[in-house]
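Remember, it's 1-based here, ligands and their atoms both numbered in the order they're listed.
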Amino acid sequence: MRRVALLGATGSIGRQAIEIVAAHPGLELCALMSGSQPLEALAHEHGVAHLQVGGDPEPLLETAAPDVVLNAIVGFAGVRATLWALEHGVALALANKESLVAAGELALEAQGRGGGLLIPIDSEHSAVFQCLEGRAPETVDSLVLTASGGPFRGRFRAELATVTVGEALAHPTWRMGRKITVDSATLANKGLELIEAHWLFGLPYERIEVVVHPSSVVHSLVRFRDGAALAHLGYPDMRVPISFGLTYPERAATPVPPLDLASGLTLEFEPPDLDAFPLLTSARDAGERGGTYPCVFNAANEVAVEGFLAGRLGFLDIAATVEDTLGRVSGAPARDLDDLVEADAEARRFAEEALREPAGQRRA
Ligand SMILES: NC(=O)c1ccc[n+]([C@@H]2O[C@H](COP(=O)([O-])OP(=O)(O)OC[C@H]3O[C@@H](n4cnc5c(N)ncnc54)[C@H](OP(=O)(O)O)[C@@H]3O)[C@@H](O)[C@H]2O)c1
């Protein structure tokens, strides 16, 4: 029996993970965590003894002693759980990409000490993980992360100034939490995934490409030095990578149907529009600069997305806020978690200040 601590249990990934665990006789939930929603009913329904709402997940994880931590918390709040699992050699099924973006170096150091397995749940990274399995690193040429393009694919930058929250939340292929859905609309999500892929797979940024693929059937590809490329295909359904991460290396059955190729699948690819969606470039730059720049990118983006969802700023102001914030920090590397928390807090303060500027004075 594999004991799963599910953090972010009330969210989109959390709910799908509960379904996967309930359907698998070899998995059981041993701990649940949320940010603010009560967990008693869920715990009662699934017979879970250990619960925690908000705060540091460490006491919960120490008490519950899981075999695997599924980190499905949204945002920087997931950092402590990621570091705890890696430090303690407990398998980490990671949906919370923000923690690896913000704390990539610290996370790899913790994994070096703890030695635990890190399995990505993000569909693109799960795809790359599977395409890379058993291959020698020197045979790999490059990675290709696919992006659906979000609800505003094909629109010019000028057309995006007045888009609404409702339009940004209407994702064409994935049903997800609000924050990641807005990130998908700005392509910040793909920027976060680019940095996540760099840390997970150890490739330099120039060997990680992003292409837009509207139907989200090809989840990602790996190109090899002999000219071959391996791709991972499937219907866009997060239960597949969640199940893979929780049952690895077993690959358990899920209710997701196999691909029906004969019914006609469209596999189109195009380059991302970096003028309309500049956050992808900002993320790449932040990743290449290293230090705490990725942490700052993430923090400023979280503040700006919250501001957008609350109606405090326009869609294009999200990228402007992130750029302003990146321009104000030193980006000095974090020696430890305290340094990182400080860099995150400083970036949030700067982003809040940028948000309070009158719209007319913000950079376009
Ligand atoms: N949804 C997807 O399809 C998908 C795909 C790939 C990757 N991801 C990644 O998975 C993560 C979760 O995404 P989601 O779409 O599931 O988000 P979501 O629906 O917004 O759920 C977020 C979860 O995090 C919890 N949470 C928030 N703040 C917390 C805190 N301080 N401590 C503990 N728990 C906290 C929330 O609890 P409350 O309900 O109490 O607020 C909720 O359970 C994100 O990092 C996202 O990028 C998601």
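For the pair Asp122 (side chain) and His125 (backbone), a donor-acceptor distance under 3.5 Å is absent.
For the residues Gly35, Ala72, Pro38, the heavy atom positioned nearest atom 23 (C) of ligand 1 is part of Ala72. The residue from Gly11, Gly14, Ser99 that puts a heavy atom closest to atom 21 (O) of ligand 1 is Gly11. Selection from Ala77, Ser123, Gly177, Ser34 by nearest heavy atom to atom 33 (C) of ligand 1 gives Ser34.
For the side chain to side chain contact (heavy atoms under 4.5 Å, CB included) test with Thr247, the passing option among Leu27, Thr254, Val21 is Leu27; the others fail.
Of the N or O atoms in Trp174, none lie within a sub-3.5 Å distance of an N or O in ligand 1. The N/O atoms of Gln37, backbone and side chain alike, include one that comes under 3.5 Å of an N/O atom in ligand 1. Remark: ligand 1 and Asp122 share no N or O pair separated by less than 3.5 Å (distance only, no angle test).
The backbone and the side chain of Met176 each have at least one atom closer than 4.0 Å to an atom of ligand 1 (non-hydrogen atoms only). Contacts between Lys179 and ligand 1, counted as non-hydrogen atom pairs separated by less than 4.0 Å, are absent for every part of the residue. Neither the backbone nor the side chain of Pro57 has a heavy atom within less than 4.0 Å of ligand 1.
For the residue pair Glu250 / His24, a side-chain donor-acceptor distance below 3.5 Å is found, with atom types taken as modelled.
Using a cutoff of 4.0 Å between basic side-chain nitrogens and carboxylate oxygens, Arg289 and Asp285 are not scored as salt-bridged. A salt bridge links Glu193 and Lys190; the closest N-O separation between the charged side-chain nitrogens and carboxylate oxygens is under 4.0 Å. Under 4.0 Å is where a charged nitrogen must lie from a carboxylate oxygen, and between Glu124 and Lys97 no such pair does.
Looking at atom 45 (O) of ligand 1, its nearest protein heavy atom turns out to be Glu98 OE1, 2.6 Å.
Counting the atoms of ligand 1 from 1 in the order shown, those under 4.0 Å from a heavy atom of Ala95 are 7 (C), 8 (N), 9 (C), 10 (O), 45 (O).
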